[in-house]
Amino acid sequence: QRGDHESGAIQTIHDELAEAFNISLHLDRPDGIGAIGANLGQVLAMGGHMDEARGVLEKAAEGFARIGNTQGVAHVGSVLSAISTDS
């Protein structure tokens, strides 16, 4: 139930992703860190929180790398490149 960012529910999306990301970090689940972090990083960037987005995305890339998900690492890398050129 992530909500719809176009109807103003971006805060709900952020809050739910942030909670899930923190749980994944606490449990040291690299799959969750990668997948949830990739989404959370994008939401943070959409909200203009570029420094926080970069930190989350870097952790997401590390999570994907730990499980050998090269596509995930590449995706996060492209998002990082995109937000680096935007800021």
Q. How many angstroms lie between atom CG of L40 and atom CD of E16, to the nearest 0.5 angstrom?
A. 12.0 Å
Q. Considering residues at least two apart in sequence or located in another chain, which fulfil the side-chain contact (heavy atoms from CB on, under 4.5 Å) criterion with E52?
A. L44, H49
Q: Quick one: closest heavy-atom pair of A53 and A45, and the distance?
A: CB-N, 3.7 Å
Q. Linking I/L/V/M/F/W/Y whenever any side-chain heavy atoms sit under 4.5 Å apart, do I33 and I23 land together?
A. no
Q. What closest approach, in Å, do A60 and A38 show between heavy atoms, and which atom pair accounts for it?
A. CB-N, 3.7 Å
Q | Sub-4.5 Å side-chain heavy-atom contact between H75 and F64 | A | no
(Q) Using side-chain heavy atoms (C-beta onward) and a distance below 4.5 Å, is N39 in contact with I36? (A) no
Q. How close do G37 and V56 get, heavy atom to heavy atom, and via which atoms?
A. O-CG1, 3.3 Å
**Q.** Side chains of M50 and S84 in contact at under 4.5 Å (non-hydrogen atoms)
**A.** no
Q: Nearest 0.5 Å please: distance from the CG atom of L57 over to the CG atom of L80.
A: 4.5 Å
